[in-house]
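One structure, as structure tokens, below. Some questions next.
A, B, ... follow the sequence lines: proteins, then strands. Residue 1 opens every chain.
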There are 2 protein chains.
Amino acid sequence: MSVVNIKDSDVDIIIGALRSDLTSFMNEWRSIFSRFHLIIVKDPDLNEELKIPEGFNVDVYAKSHMDHVVGSSTSVLFSGYSCRYFGFLISRKKYIVSIDDDCVPAKDEKGFLVDAVDQHIMNLTTPATPFFFNTLYDPYREGADFVRGYPFSLRNGVMCALSCGLWLNLADFDAPTQALKPGQRNSRYVDAVMTVPARAMMPISGINIAFDREVIGPTLLPALRLAGEGKLRWETMEDIWSGMCVKIVCDHLGMGVKSGLPYVWRRDRGNAIESLKKEWEGVKLMEEVVPFFQSVRLPRTAATAEDCVVEIAKAVKQKLGPLDPVFARAAEAMSEWIKLWKALGSGSLPL
Amino acid sequence: MSVVNIKDSDVDIIIGALRSDLTSFMNEWRSIFSRFHLIIVKDPDLNEELKIPEGFNVDVYAKSHMDHVVGSSTSVLFSGYSCRYFGFLISRKKYIVSIDDDCVPAKDEKGFLVDAVDQHIMNLTTPATPFFFNTLYDPYREGADFVRGYPFSLRNGVMCALSCGLWLNLADFDAPTQALKPGQRNSRYVDAVMTVPARAMMPISGINIAFDREVIGPTLLPALRLAGEGKLRWETMEDIWSGMCVKIVCDHLGMGVKSGLPYVWRRDRGNAIESLKKEWEGVKLMEEVVPFFQSVRLPRTAATAEDCVVEIAKAVKQKLGPLDPVFARAAEAMSEWIKLWKALGSGSLPL
């Protein structure tokens, strides 16, 4: 089992609070979260006081902390879903698990409660296999292995840096898809984890993820902010952008990204049709973003996640910057973020 | 539903017979196979007469047909599991489904019989998405779609050329793995189909596959023959080699390969420990084969599957040939195969 060698104190669970009343959310997660230290980051746009039930080991951060830390920088913004990145910055733990506040624990096909934290940690602490595809999914899972023809020299795998979980009930579709199929809910529990192959690009969702903060922490960053960004997932692109950064950095540094289990249950929220107008901006941007990330090549000298982000920011400024001001701002935010990370995220300066 | 536009007469089911008594095999598949035309190709090393139950629309081919067709060529060998390739060559149908004779229909998680042919045809007749990874698996499946962040310009997908199914009970492990874990059986039914991303290499198993013969037929070829090849799957590599060819040809021509559903139930057969000595040859060869295929680049002028195989054969001869005579023989067999395919497989000459 993977949880060997991992202490509960190596994990921070980070929740971005976009709603003030977290009572029901926290109570649903109590049996899973209560062993861990939690960081709750309040959306700076939220005025009401947070309601958090008792019985958790939790630190809460709000706008005043952000102002203190970020100081005069105006490029790095923590509003809306991006508030969680403040938690990523100030955590001092090796592993981070981050789950949206409209998700509750899912049940598997047999009706058992899914321990999403345990599954994420298992994904992160067993190797990833990005350099050759295994048709029977995660070869390190109990009952599975590498199939015939899989090169033995690749069977040790590489470090897994990011674990991307999925969603039952309300899936992570964009607003046009959700508006076109308003009744569509995801009910298919696919009992699999896999490594997404090297050089394959993917739309990483920030709803239900975990990562190794020590190795790729700086790549999870708030950079792409839509002009009309709202407080619903389908109105945001920050995680998609950040996810493209993580994936190319993992490919460059020879680390893996897994996708699949664990599932969370996403509660319905918001009106997709009302969001339609906002989302098209993001949809259009992706047509520029994907070819850019598919063609970015990082120099060999970029040997850490920080180095890689600095290089990506330069390329964004140069190649995407002229196309839309949103990209120039993203590049600026990425550079600023690395400065912040070096000063604070690496633990070199006290908070 | 995908089966729209596909007539049963567009499909050939091809079975390589390595055992003489197919009674139980055919009866287990009767409800699924009986709608289709079957081609049964008898392993030329098998002396006894085939036992095939009545009630099927079936053509049987044996060594005499092979001798007639292949004539004086000694490079293309149809012995053992490779006998099925003779069926691929002489079929005149658009779609081919090929299943090993030690497999029977599987049941899904709800206990329903899996119609493997229907699922393969569905995989082949809905688009593949090799250029961007969809975290919710096949977006064309009922109840699924493209997730947020998936570029709209890539949502039409591309043609799916190959569908690779999986195995319950005895999975397709190699002899060392099976010998190390003699009791291991695959019991996890993963309810998913996915496109394997472009440029990701994979170990394609020939146990349970289907393909579009018109577009990639010539790439499924008998070329790599181990010196000590036997009559058990874990003693063979022909399908792994052929699979590497198919994948790079699909990547080059902009077509997709899917993996996942349908499952078949593989019956136990053979003694893994006795096969151990033979298999290591294949295991060692893969250490050369995988880097070779990962680095092969086909010229733009290679516009058909035939062109691509000719180019791969040249590169095999040049780069792998000096390492081991098995590769030089494989290159020769590939060139010969394309000559045969042009003469017979394309239907330009009568049988």
Task: Under 4.5 Å from a heavy atom of chain B, the part of A:Y263 involved - done: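 When you check distances to chain B, only side chain atoms of A:Y263 fall under 4.5 Å.
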Open item on the list: With a 4.5 angstrom heavy-atom cut-off, is it the side chain or the backbone of A:V147 that approaches chain B, or both, or neither?
Closed with: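 Both backbone and side chain.
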Open item on the list: Need one label for A:Y137: side chain, backbone, both or neither, based on atoms under 4.5 Å from any heavy atom in chain B.
Closed with: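 Contact with chain B: side chain only.
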TODO: Check each atom of B:T135 against the heavy atoms of chain A and say whether the ones under 4.5 Å are side chain, backbone, both or neither.
DONE: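 Contact with chain A involves both backbone and side-chain atoms of B:T135.
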- [ ] Without swapping roles, check the side chain of B:Q294 against the backbone of A:F131 for a donor-acceptor pair under 3.5 Å.
- [x]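 Yes, the answer is positive, given that a donor and an acceptor are paired below the 3.5 Å cut-off.
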Task: Max heavy-atom pair count under 4.5 Å with chain B, selected residue of A:A171, A:G243, A:P130, A:S153 - done: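 Highest number of pairs under 4.5 Å: A:S153.
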Task: Contacting moiety of B:A198, where chain A heavy atoms sit under 4.5 Å - done: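 No part of it gets close to chain A.
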Open item on the list: Using heavy-atom distances under 4.5 Å, tell me whether A:Q178 contacts chain B through its side chain, its backbone, both, or neither.
Closed with: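 Neither part.
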TODO: Classify the angle between the aromatic ring planes of A:Y140 and A:F146 as parallel (below 30°), tilted (30 to 60°) or perpendicular (above 60°).
DONE: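 It falls in the perpendicular class, over 60°.
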Open item on the list: Only pairs of heavy atoms separated by less than 4.5 Å count here; which of A:M201, A:M286, A:R185 has the most with chain B?
Closed with: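 Sorted descending by pairs with chain B, the first entry is A:M201.
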TODO: For chain A, find which of B:V196, B:D145, B:L154 contributes the most heavy-atom pairs closer than 4.5 angstrom.
DONE: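 Answer, by heavy-atom pair count under 4.5 Å with chain A: B:D145.
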TODO: Step through it carefully: locate the ring centre of B:W167, locate the ring centre of B:F173, and say whether they are under 6.0 Å apart.
DONE: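 When the ring centroids of B:W167 and B:F173 are compared, they turn out to be at least 6.0 Å apart.
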Open item on the list: Using modelled atom types and a 3.5 Å cut-off, is there a donor and acceptor pairing between side-chain atoms of A:Q119 and backbone atoms of A:P262?
Closed with: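 It does not hold such a pair.
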Open item on the list: Can a donor-acceptor pair be found, under 3.5 Å and without considering hydrogens, that links the side chain of A:E235 to the backbone of A:G228?
Closed with: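 Not at all, since once roles are kept as given, no pair shorter than 3.5 Å links the two residues.
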- [ ] Give the minimum heavy-atom separation between A:V264 and A:A116, together with the two atoms involved.
- [x]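 So the two residues come closest at CG1-CB, 4.5 Å.
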Open item on the list: If the threshold is 4.0 Å, N to carboxylate O, is there a salt bridge linking B:R141 and B:D191?
Closed with: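 Result for this pair is yes, salt bridge flagged.
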Open item on the list: Among B:M244, B:E109, B:M194, B:M202, which residue has the highest count of heavy-atom pairs closer than 4.5 Å to chain A?
Closed with: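 Of the candidates given, the most pairs with chain A belong to B:M202.
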TODO: Using non-hydrogen atoms and a 4.5 Å limit, figure out which bit of A:S205 sits close to chain B: side chain, backbone, both or neither.
DONE: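 Backbone plus side chain of A:S205, per the 4.5 Å heavy-atom cut-off to chain B.
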Open item on the list: Tell me if a side-chain donor or acceptor on A:K258 pairs with a main-chain N or O of A:A128 at a distance below 3.5 Å.
Closed with: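 Judged by distance alone, no pair lies under 3.5 Å.
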Task: Residue A:R199 versus chain B: region with a heavy atom under 4.5 Å - done: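 Answer is both: backbone and side chain atoms of A:R199 are under 4.5 Å from chain B.
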